[in-house]
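A short worksheet on the structure shown next.
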Amino acid sequence: MSEDASGSAVRGIVIDVHAHVLPAPLLAHGGLAELDGRTLPDFPPVLADVTERLRQMDACGIDRQVVSPWIELAPDGLDAGRADRHLRRVNDALAEVVSRYPDRLVGMAMVPQHAGGPAAQELQRAVTELGMCGSLLTTSGVGLSLADREMEPFWSTAEALSAVLMPHPRNPVDVARTRHEHIGDLVGTPVEGTLAIAGLLRAGVLHRHPELRVCVVHGGGALPVLAGRIEALWGLSGAEGGARPAEMIGRLYFDTLTHDDRALAFLAELVGTERLLLGSDFPFATGDPAARQRVERLWADRREPREAVLGGTLERLLRQVRHRG
């Protein structure tokens with residue numbers, strides 16, 4: 001149970017599904033050695049400072065965070081062997097951090113994507129040995145496309161484990177153009193995420209694996225407003241048989257990171273509040289520190305959907321992860 005700024009009780013747990021971390025052990029023990037001196041961009045100190053993270057969580061009324069590795073830790077530019085070693089170090093360091101605060105933090109791994117087998121193996125290790133809930137996946141630029149058939153072993157393993165998956169852009173779409181025009185964060189990143197999810201739909205991944213738990217970040221990007229077009233023009237996609245896109249979209253989960261009450265209300269009308277998970281993109285400037293307040297405002301007079309979005313649905317998904325394999 002949390003309290004708001006006035007001290008009023010908020011029934012039910014509040015869990016943020018979309019938060020990032022730079023595990024401090026990586027900085028202390030040379031865990032970034034595989035990056036061969038690649039300079040990381042500047043980052044907010046709270047990304048690696050758990051004490052300050054917990055203070056800010058308390059100030060925002062967040063009971064728990066699902067913390068995934070900062071996307072800049074993705075192993076772009078590394079060969080397969082080095083990528084595997086690097087991500088094992090990242091996940092081990094993340095597990096070390098989370099183990100100190102099990103009531104506040106839930107770890108979400110990052111897996112290699114150069115082939116489906118190694119991705120599946122690291123996910124299995126992360127969930128069954130390190131106690132993590134699932135995996136963040138880079139949508140492009142680091143290994144295989146998520147729609148590639150070679151990723152099939154990963155999807156099978158994720159489904160068997162009931163793991164929570166979070167496809168996340170590494171770079172905005174058309175990075176040269178969007179960064180030059182300073183619209184990468186504004187539209188390039190959510191559009192990149194939209195392309196990745198549309199690729200999963202077209203490839204039939206959600207048809208072959210209907211029990212996958214995939215959370216689409218940034219409120220689904222452009223997917224909610226394009227859902228009708230995708231359904232209407234599906235025959236032009238070349239997809240062969242399988243479920244219709246509307247059905248597959250209905251199997252997805254979406255974080256609430258829309259930055260706008262109207263957009264979030266539209267998303268809720270499209271997919272249902274039972275498919276929404278509180279998400280803030282902590283601790284970045286592109287996030288929404290008032291994510292919880294937005295949900296409480298929209299469903300102020302409807303306790304059941306409010307509590308489900310704030311944490312009830314995600315709490316259920318986390319309980320269902322099969323940590324024993």
Side-chain angles (χ1 to χ4, degrees), residues 16-50 52-53 56 65-80 82-98 105 107-114 119 122 126 132 134-146 165-176 178-180 182-186 188-193 196 215 217-218 221 255 257 279-288:
D16 184 351
V17 73
H18 186 174
H20 299 289
V21 65
L22 172 56
L26 290 177
L27 302 176
H29 305 311
L32 297 175
E34 292 292 344
L35 296 181
D36 284 344
R38 188 177 83 191
T39 301
L40 294 174
D42 292 338
F43 58 87
V46 69
L47 191 65
D49 183 342
V50 179
E52 177 59 19
R53 175 184 297 267
Q56 292 189 26
Q65 282 183 343
V66 174
V67 287
S68 56
W70 182 27
I71 200 69
E72 295 293 339
L73 296 175
D76 47 327
L78 301 187
D79 62 35
R82 291 166 61 210
D84 290 349
R85 290 192 298 272
H86 167 66
L87 290 176
R88 286 181 69 91
R89 291 190 180 104
V90 169
N91 293 332
D92 288 346
L94 176 56
E96 181 180 339
V97 171
V98 169
L105 304 178
M108 174 179 279
M110 182 183 283
V111 299
Q113 292 174 221
H114 56 81
E122 184 60 11
M132 297 196 187
S135 172
L136 177 144
L137 298 158
T138 51
T139 56
S140 66
V142 186
L144 298 175
S145 162
L146 298 182
L165 306 177
M166 183 179 290
H168 195 291
R170 169 72 175 84
N171 289 305
V173 67
D174 195 356
V175 62
T178 55
R179 285 187 174 166
H180 175 72
H182 303 287
I183 55 173
D185 285 332
L186 276 65
T189 297
V191 169
E192 162 61 27
C215 177
V217 297
H218 307 133
D255 78 6
L257 189 59
S280 72
D281 200 11
F282 181 94
F284 297 108
T286 51
D288 184 4

Exercise. Are any non-hydrogen side-chain atoms of L87 and P75 less than 4.5 angstrom apart?
Worked result: yes
Problem set entry | Sidechain-backbone polar pair: T178 side chain, V173 backbone, donor-acceptor under 3.5 Å | yes
Exercise. Side-chain contact, heavy-atom cut-off 4.5 Å: H114 with D79?
Worked result: no
Exercise. How far does CZ of F282 sit from CG of L257, to the nearest 0.5 angstrom?
Worked result: 13.5 Å
For this session: Determine the minimum heavy-atom distance between V97 and P25, stating which atoms define it.
Result: CG2-CD, 3.6 Å
For this session: Name all residues meeting the salt bridge (charged side-chain N to carboxylate O under 4.0 Å, His left out) criterion together with D84; count only those two or more places apart in sequence or in a different chain, and write none if there are none.
Result: none
Exercise. Atom OG in S135, atom CE in M108: separation rounded to 0.5 Å?
Worked result: 7.5 Å
Exercise. Where do L78 and L35 land on the side-chain contact (heavy atoms from CB on, under 4.5 Å) test, with the steps shown first?
Worked result: CA-CA 8 Å; L78 301 187; L35 296 181; 4.1 Å; yes
Exercise. So V98 and M132, side-chain contact (heavy atoms from CB on, under 4.5 Å) or not? Walk me through it.
Worked result: CA-CA 9 Å; V98 169; M132 297 196 187; over 6 Å; no
Exercise. Which of these, L73, V67, L22, L26, sits in a side chain to side chain contact (heavy atoms under 4.5 Å, CB included) with L94?
Worked result: V67
For this session: Give the minimum heavy-atom separation between W70 and P41, together with the two atoms involved.
Result: CH2-O, 3.4 Å
For this session: Could you pull out all residues at least two apart from H168 that satisfy side-chain hydrogen bond (donor to acceptor under 3.5 Å, both in side chains)?
Result: H18, H20
Seminar exercise, completed: salt bridge (charged side-chain N to carboxylate O under 4.0 Å, His left out) filter on E122, not counting sequence neighbours, yields R88, R125
Problem set entry | Side-chain donor or acceptor of D255 paired with backbone N/O of H218 under 3.5 Å | yes
Problem set entry | Results of salt bridge (charged side-chain N to carboxylate O under 4.0 Å, His left out) for R82 - residues two or more places apart only | E34, D36
Exercise. Hey, mind stepping through R53 and V46 against side-chain contact (heavy atoms from CB on, under 4.5 Å) and telling me if it holds?
Worked result: CA-CA 6 Å; R53 175 184 297 267; V46 69; 4.0 Å; yes
Exercise. Would you find a donor on one side and an acceptor on the other, under 3.5 Å apart, between the side chain of D49 and the backbone of P45?
Worked result: no
For this session: Examine distances only and state if a side-chain atom of T138 and a backbone atom of S140 form a donor-acceptor pair shorter than 3.5 Å.
Result: no
Exercise. Under 4.5 Å between any side-chain heavy atoms of V50 and L105, yes or no?
Worked result: yes
For this session: Quick one: list whatever passes salt bridge (charged side-chain N to carboxylate O under 4.0 Å, His left out) with D281, sequence neighbours left out.
Result: none
Problem set entry | Test item: P172 and E192 side chains (from C-beta on) under 4.5 Å apart, heavy atoms | no
Seminar exercise, completed: Between P283 and L47 the two heavy atoms that sit nearest each other are CD-CD1, 3.6 Å
Exercise. How far apart are the C-alpha atoms of S280 and D16, what are their side-chain angles, what is the distance that settles it, and do they pass the side chain to side chain donor-acceptor pair (under 3.5 Å) test?
Worked result: CA-CA 7 Å; S280 72; D16 184 351; 2.4 Å; yes
Exercise. Do you know the tightest heavy-atom contact between A48 and A24?
Worked result: O-CB, 3.8 Å
Problem set entry | Contact list for residues 167-176, test salt bridge (Lys or Arg N to Asp or Glu O under 4.0 Å), sequence neighbours left out | E72-R170, D76-R170
For this session: Could you tell me which non-hydrogen atom of P69 sits nearest to which non-hydrogen atom of L136, and how far apart they are?
Result: O-CD1, 4.2 Å
Exercise. What heavy-atom pair brings P169 and V217 nearest, and what distance separates the two atoms?
Worked result: CD-CG2, 4.1 Å
